[in-house]
Amino acid sequence: MQKPQGESVNGVHTESETTGKVITCKAAVVLGPGQPFVIEEIQVDPPQKMEVRVKILYTSICHTDLSYWKGESEAYRVYPRILGHEAAGIVESVGEGVVDMRKGDHVIPIFNGECGDCVYCKCDNTNLCEKFRVHPLRSVMVNDGKCRFSTKDGKPIFHFLNTSTFTEYTVLHSACVVKIDSKAPLKKMILLSCGVSSGLGAAWNTAKVQAGSSVAIFGLGSVGLAAAEGARTRGASKIIGVDINPNKFIKGKAMGLTDFINPNDSKNPVHEIIQEMTGGGVDYSFECAGNLDVLREAFLSTHEGWGITVLLGIHPTPRMLPIHPMELFDGRRIIGSVFGDFKGKTQLPHFAQQCMRGVVNLDEFITHELPFEKINEAFQLLADGKSLRCVLHL
């Protein structure tokens, strides 16, 4: 691997060495739907105005990465591309106008950015941003519509979800980079980039789970188990996990699950089982499977009059919601949650400190660790349902 020569500080090349220069580094590049990742040398341009170049130290794999890798939707199929959006690293350099970060800062990327200036960012009722909200189809930088990655012969390599973390160095807009406490354990902080923030935040910020309440969680991947952890920390008395993989209940117990339902073990619809278990339905349900039939079960599992269903799963299907408008007059509500309704740059630093104090149990989410070069093995672990989060060490 070829890189600029010279001294480094905390694993980051010195300012005189790389600032304003192209860096050659390793990245895992996907060339087509379902094709194995290729570890190759790429060129990473310097950050432009309001951009940040980050040395990635740890990254992990989310089901969203898996969906894009498979190319489940034709709109996802942009290649060559660098995927990845859960990570942590150190700022290598900043572009013109960046004042809230500097070289050497510990940071995490966020796919749902926060510019702080637009009408969305100034509204307390949303965590979306006019320019830097999650954009599944964007594959270039916002500033100039170009890529900061290229092959050694100069051909562009496309970006992913405002982040692209399957690379030793990446370039992001500063709205999508969050500075955290330098004492925070970076390996664990990657979980705040997506899965844990999305699931736990859905319980804390979107549903606002109350102490003594009942909860049902459909789909016990990292996001679902993070929702369970969020419900547990808010004092929910009954947390029901629903999944076709019975091994998920073993892990889920550590995150607060009190009951488990495997839909394959009964001929009755899951919502009927839950209604019987809870005397009419749960107060809150979370759909984390990305399946419309599951969404309907989650909706019907909540109690008439006040039940809230939070939609977290990614749905690539063109099908519409499986709910008749008249059913909403029964008092049940349904709402979507993006990034757990956290405003990333404003609220994640405090959330990171809460995690450092042990308010949230992050250790249980990391089930595997591998060197970056074994990224294809890590994807297979997730595809086979054997891992929650596999941390890749760069």
Side-chain angles (χ1 to χ4, degrees), residues 62-64 66-68 70-76 126 128 134 136-137 195 198-199 201-203 205-209 213-228 230-231 238-245 248 259-341 385:
C62 167
H63 271 281
T64 303
L66 192 63
S67 296
Y68 276 79
K70 291 179 178 178
E72 289 181 345
S73 169
E74 191 166 335
Y76 295 173
T126 182
L128 299 181
V134 57
L137 304 185
S198 296
N205 306 323
T206 310
K208 296 179 173 61
V209 170
S213 61
S214 57
V215 172
I217 299 166
F218 291 73
L220 300 179
S222 289
V223 172
L225 290 175
K238 195 174 195 64
I239 305 174
I240 305 167
V242 182
D243 202 289
I244 58 175
N245 183 350
K248 295 292 182 71
D259 300 88
F260 178 76
I261 298 173
N262 184 336
N264 293 334
D265 291 343
S266 175
K267 295 181 180 180
N268 295 329
V270 172
H271 75 269
E272 292 182 359
I273 299 173
I274 290 176
Q275 287 176 1
E276 185 175 346
M277 289 173 64
T278 57
V282 291
D283 300 306
Y284 312 95
S285 71
F286 298 85
E287 190 280 320
C288 309
N291 182 297
L292 286 177
D293 296 326
V294 173
L295 175 59
R296 178 158 182 81
E297 287 297 305
F299 177 73
L300 294 175
S301 74
T302 62
H303 203 290
E304 286 188 349
W306 62 80
I308 296 175
T309 297
V310 181
L311 171 64
L312 289 161
I314 302 299
H315 293 255
T317 173
R319 289 173 55 197
M320 304 299 282
L321 284 175
I323 296 167
H324 192 281
M326 296 302 292
E327 291 182 295
L328 296 174
F329 288 123
D330 289 330
R332 296 185 177 101
R333 289 177 287 163
I334 184 169
I335 186 172
S337 178
V338 175
F339 199 49
D341 279 330

Go through the steps to decide whether Thr278 and Lys238 satisfy the test side chain to side chain contact (heavy atoms under 4.5 Å, CB included), and finish with yes or no. CA-CA 9 Å; Thr278 57; Lys238 195 174 195 64; 4.1 Å; yes

Shortest non-hydrogen separation from [X] to [Y] and the atoms involved:
X: Ile323; Y: Arg296; answer: CA-NH1, 4.0 Å
X: Ile217; Y: Ala227; answer: CD1-C, 3.8 Å
X: Asn245; Y: Gly385; answer: ND2-O, 3.8 Å
X: Val310; Y: Ala207; answer: CG2-CB, 3.9 Å
X: Leu220; Y: Asp243; answer: N-OD2, 2.8 Å
X: Asn268; Y: Ser266; answer: N-OG, 3.1 Å

Check: [Y] and [X] side chains under 4.5 Å, non-hydrogen atoms:
X: Phe218; Y: Ile274; answer: yes
X: Phe286; Y: Ser337; answer: no
X: Ile244; Y: Pro263; answer: yes
X: Arg332; Y: Glu304; answer: yes
X: His315; Y: Glu287; answer: yes
X: Ile240; Y: Phe260; answer: no
X: Ser301; Y: Val270; answer: no
X: Leu295; Y: Thr309; answer: yes

Evaluate side chain to side chain contact (heavy atoms under 4.5 Å, CB included) for Met277 paired with Ile261, printing each intermediate quantity in order. CA-CA 11 Å; Met277 289 173 64; Ile261 298 173; 3.8 Å; yes

What residues form a side-chain hydrogen bond (donor to acceptor under 3.5 Å, both in side chains) with Ser214, not counting sequence neighbours?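 Residues passing side-chain hydrogen bond (donor to acceptor under 3.5 Å, both in side chains) with Ser214: Asp283.
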
Looking at [X] and [Y], would you say the former's side chain and the latter's main chain have a donor-acceptor pair under 3.5 Å?
X: Glu276; Y: Ile273; answer: no
X: Lys208; Y: Asn205; answer: yes
X: Tyr284; Y: Ala231; answer: no
X: Arg333; Y: Ile308; answer: no

How long is the straight-line distance from [atom2] of [Y] back to [atom1] of [X], given to the nearest 0.5 Å?
X: His324; Y: Phe329; atom1: NE2; atom2: CZ; result: 10.5 Å
X: Ile314; Y: Cys288; atom1: CD1; atom2: SG; result: 10.5 Å
X: Leu292; Y: Leu321; atom1: CG; atom2: CG; result: 7.0 Å
X: Leu312; Y: Thr206; atom1: CG; atom2: OG1; result: 7.0 Å
X: His271; Y: Ser285; atom1: NE2; atom2: OG; result: 12.0 Å

Going by an N to O cut-off under 4.0 Å, is there a salt bridge joining Glu272 and Lys267? no

